[in-house]
Amino acid sequence: MKRKAVKQRVSEMLPAVLAAFLAALLAVASPFERTEYWLGDRIFVREKPVNNSIKIIGIDDASLQAMGPFSGWSRQQAADLLNAFDREHPPAVIAFDINYFGEKDEDGDGALAEAAAAYDGLVMASYLQYTTKLEQQPDGSLWMNTMHLAQVEKPYEALAAVSYDGFTNAMQDADNYARRAMLSVVWHDQVSYNFACETYCRYMEAVGRTPQLPKTDEQGVYGFDYTAEPGMYEVYSYVDIVEGRCDMRVFQDSIVLVGAYAAAMMDQYMVPIARSAVMNGVEVQANHINALLDGRTFRELSPWCAGLLGAVLVGGYVFLAFRKSLSFGLAGGCGLVLVILLGAELLYGYGFYWKCLVPVLGVAVAALARVVTGYLTERIRKRKILSVFRTYMAPQVVDELGKNNNYRIELGGRDREIAVLFVDIRGFTSLSERLSPGEIVEILNRYLGQVTEAIFRNEGTLDKFIGDAVMAVYNAPLDVQEYRQKAVRTGIDIVDAVGRMNGELKRDFGVEIACGVGIHCGRAVVGNIGCEYRMDYTAIGDTVNVAERLESIARPGQVLLSEELYAHVKEDFAAEFLGARDLKGRAGSVNVFSLEVTDGTGADR
C-alpha cells in the first residue's frame with residue numbers, strides 16, 4: 001500500500017515537474033524573443049507628458065529646400081546656428097546628433113570650433129566602429145569576437161578640443177525596434193558614454209545636480225522607457241533659427257538637440273511607442289534623455305532568474321490546477337496570468353524588464369488543458385442531468401444549471417429564500433386593438449427579448465411568460481450572491497431598456513409602450529411542481545403573490561418594492577415611500593416603495 005501511495009504521488013507530481021522544466025528551458029533559451037518584445041511593449045509602453053526642457057532643432061524638408069542638400073552644407077551652417085543663440089539666455093546644453101568627423105574646409109571648420117568654444121555644455125556625436133576579430137581568452141582558448149571595438153570616430157580635433165562627445169550607435173533588438181542602449185565603452189583608457197547619457201550628464205552638471213547613471217546588465221546594456229510618439233516634442237526648423245525667425249529666449253536653460261528631421265536623411269527607427277510609424281533619430285535621443293531625467297530606465301532580468309520564475313509559476317499552477325476543481329483551474333489560470341502581467345509591470349517600475357511570455361503561455365496552455373480534461377470528465381455526468389431537466393424545464397434554466405458542476409437533480413420542491421420579479425406591459429389590450437396581430441407579435445418579441453436579456457444579465461431565472469407578463473426568480477435553483485440587489489437591478493434595466501426601445505417602436509409602428517415592475521423577497525417553495533406527466537420548475541407561495549400584486553398596481557415606468565425587500569437594498573438604491581397599500585386577494589396592507597428610475601433617454605420616471 002505504501003508503494004502504491006508513493007507511485008500515485010509521483011504520477012501526480014510528474015506533470016508539474018515536466019511543465020516546470022519546460023518553462024525554465026524556454027525562458028532561458030528565449031525562442032520567442034520578437035513576441036516577447038511585442039508583449040512587453042503592450043504592457044509597459046505608455047505615452048507620458050514630455051519634459052518641456054527638451055527641445056529639438058530639426059534639419060527638416062524646409063531647411064533642405066532653403067539651404068540645399070545636407071551633403072553640401074559647410075560647417076559654417078553649424079557655426080551660424082550656434083551664433084544665433086541668445087548669449088544672455090543660453091541653453092543649458094546643446095547637443096548635435098550629427099557627425100562632424102575629419103576636417104572638411106578650413107574656414108567652416110574654424111568657424112564651428114570658434115562658435116563651439118563659447119559654450120560650456122556642447123555635446124557632439126561620435127561613432128563606434130566594430131570589426132570581427134579572433135581573440136584569445138584568459139584560459140588560452142580562441143574565439144571569434146564579432147563585436148571587437150576597432151575605433152571610436154570623434155569630431156575633428158579643433159571641435160573635439162572645445163566640446164564633449166557621445167556615441168550615437170543605435171541598438172536594435174531582434175524585432176528591429178530601438179529600446180536599449182550601451183552605456184559606455186573604454187577606448188584608449190578613456191570612458192565614452194552614449195550620446196543621450198553624455199547630454200544628460202552635461203545638463204545635470206549645468207543645473208547643479210548629480211547625474212544618476214542607469215544600471216546595466218552584464219553586457220553593459222540598459223533599456224529606456226519611451227515618453228511620447230513622434231512629433232510630441234517642441235521642434236524648430238533649422239532654417240528658421242539661422243535666419244532669425246525664432247525668439248531664441250525659448251531655449252534658455254533647455255536641452256537643445258540638433259538633428260535630422262527629414263525623411264531624405266534616412267535617420268529613422270522603429271520604436272515601441274509608435275509601432276505603426278517610424279521616429280527620427282533625434283526624437284529617439286529626446287525620449288532617451290527624457291527617460292534618464294525621469295529615472296525610467298531598465299535592465300532585463302537574467303535568463304536564469306526568468307527561468308526560475310517560469311518554473312515556479314507554471315509548475316505550481318499545473319500542480320494545483322489538476323488537483324482542484326475545473327472552475328478553480330480556469331479562474332486560477334486567468335488570475336495567475338493577470339498576476340504575472342501585473343508583476344511584470346511592477347518590476348518594470350523598479351527598473352527590471354521581465355520577458356514574461358513563457359509563464360503567460362505556460363499557464364494559458366495548462367489552463368486550456370485543464371479545461372479540456374475537465375470538460376471530458378464532466379461531460380457524461382452533465383449530459384445525464386441536463387437530459388432529465390430538459391424534458392420539463394425551460395431551456396434557460398437548463399443552461400444555467402449546466403454551468404454548475406456541483407448541481408444534483410432534486411425532484412420536488414425546496415423551501416428557500418428568493419426574490420421574485422413580475423413585469424407587465426401597461427395598456428397592452430388597447431394597444432392590441434390598434435395594431436395587426438403580426439405587429440403585436442413583433443413588438444412583443446422585442447420587448448420579451450429585452451426583458452429576458454436583463455434577467456439573465458443579472459443572474460436571474462426566467463420562470464415563465466404569461467402573455468405580455470414575465471416572472472423571474474432569483475437565488476433559485478442556484479445560490480446567487482446579492483440576489484435581492486440583482487433583482488432590483490433587473491427592474492431598473494428593464495425600464496431603461498423599454499425606454500431605449502421606444503424610439504425604434506415609434507419609428508417602426510408609431511406606438512410606444514411602458515411597463516410596470518413589482519419585486520418582493522421572502523421564502524417560497526421552489527422546484528419541480530406539477531404532476532407525473534407534466535412538471536414545471538417554478539416557485540409558489542405568498543412571496544410570489546405579493547410580487548405579482550405589486551406589479552399589478554405599478555404605474556407605467558414604475559418599479560415597486562416591498563418593505564421587506566427595500567430593507568435589504570436601501571444602501572444601494574434610492575426609493576420613495578408610497579405608504580401602505582392593500583393588495584388584491586391578500587389580508588393586511590403592505591408598505592410599498594417606488595424606486596427612482598430613469599428611462600433609456602435619461603429622463604426621470
Side-chain angles (χ1 to χ4, degrees), residues 44-59 85 90-99 119-128 163-172 177-185 191-216 220-236 250-261 267-269 271-274 279-299 351:
F44 308 135
V45 181
R46 298 184 183 89
E47 190 170 340
K48 294 164 280 291
V50 301
N51 190 317
N52 292 325
S53 297
I54 302 173
K55 306 180 190 303
I56 296 173
I57 296 177
I59 304 175
F85 285 103
V93 178
I94 303 172
F96 281 81
D97 186 17
I98 303 169
N99 297 333
Y119 295 92
D120 293 331
L122 184 67
V123 180
M124 309 304 292
S126 59
Y127 192 79
L128 308 180
S163 64
Y164 300 92
D165 65 82
F167 56 86
T168 57
N169 301 64
M171 285 191 67
Q172 292 172 287
Y177 281 75
R179 58 174 71 82
R180 296 189 300 157
M182 182 176 292
L183 176 63
S184 62
V185 296
V191 178
S192 293
Y193 291 97
N194 67 58
F195 182 81
C197 194
E198 186 67 42
T199 304
Y200 159 73
C201 289
R202 300 285 71 79
Y203 176 75
M204 296 296 280
E205 181 181 286
V207 298
R209 294 161 57 191
T210 302
Q212 300 294 324
L213 296 179
K215 296 180 180 179
T216 67
V221 173
Y222 66 94
F224 56 93
D225 185 23
Y226 278 81
T227 301
E229 297 181 355
M232 299 303 293
Y233 286 92
E234 290 184 47
V235 181
Y236 300 84
V250 299
F251 299 109
Q252 183 178 2
D253 299 328
S254 296
I255 300 173
V256 178
L257 302 176
V258 184
Y261 216 76
D267 184 27
Q268 297 174 322
Y269 300 90
V271 294
I273 202 167
M279 179 178 285
N280 291 304
V282 69
E283 285 182 304
V284 174
Q285 299 291 1
N287 276 275
H288 191 165
I289 295 168
N290 208 149
L292 291 169
L293 289 170
D294 295 343
R296 290 184 286 104
T297 61
F298 60 84
R299 50 181 167 164

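For clarity, every value in this text was computed on a predicted model and none was experimentally measured. The chain is numbered in sequence order, starting from 1.
- Here the side chain of Asn290 pairs a donor or acceptor atom with the backbone of Asn51 at under 3.5 angstrom.
- The CD atom of Glu198 lies 9.5 Å from the OG atom of Ser163; values are rounded to the nearest 0.5 Å.
- Results of the side chain to side chain contact (heavy atoms under 4.5 Å, CB included) test with Val235 over Ile56, Val282, Leu257 single out Ile56 as the only residue that passes.
- Of all the heavy atoms in Ile98 and Ala125, the pair that sits closest is O-CB, 3.4 Å.
- Here Tyr233 contributes atom OH and Asn287 contributes atom CG; the two are 4.0 Å apart, rounded to the nearest 0.5 Å.
- Looking at every heavy atom in both residues, Ala291 comes nearest to Thr297 through O-CG2, 4.4 Å.
- Using a cut-off of 4.0 Å between Lys/Arg side-chain N and Asp/Glu carboxylate O, Asp294 and Lys48 are scored as not salt-bridged.
- For the pairing with His288, the ring pair (Phe, Tyr, Trp, His ring centres under 6.0 Å) check across Tyr226, Tyr269, Tyr222 returns one residue only, Tyr222.
- Within a 6.0 Å sphere centred on CZ of Phe167, heavy atoms belonging to other residues, nucleotides or ligands number more than 12.
- Side-chain atoms of Tyr261 and Glu283 form a donor-acceptor pair, as typed in the model, at a separation below 3.5 Å.
- Just one of Arg179, Arg296, Arg180, Arg46 meets the salt bridge (charged side-chain N to carboxylate O under 4.0 Å, His left out) condition when paired with Asp225; it is Arg296.
- Smallest separation of non-hydrogen atoms from Thr199 and Ala95: OG1-CB, 3.6 Å.
- Qualifying side chain to side chain contact (heavy atoms under 4.5 Å, CB included) partners for Arg299, counting only residues two or more places apart in sequence or in other chains: Lys215, Phe352.
- Residue Asn194 holds its CG atom at 9.5 Å from CG of Asn169, rounded to the nearest 0.5 Å.
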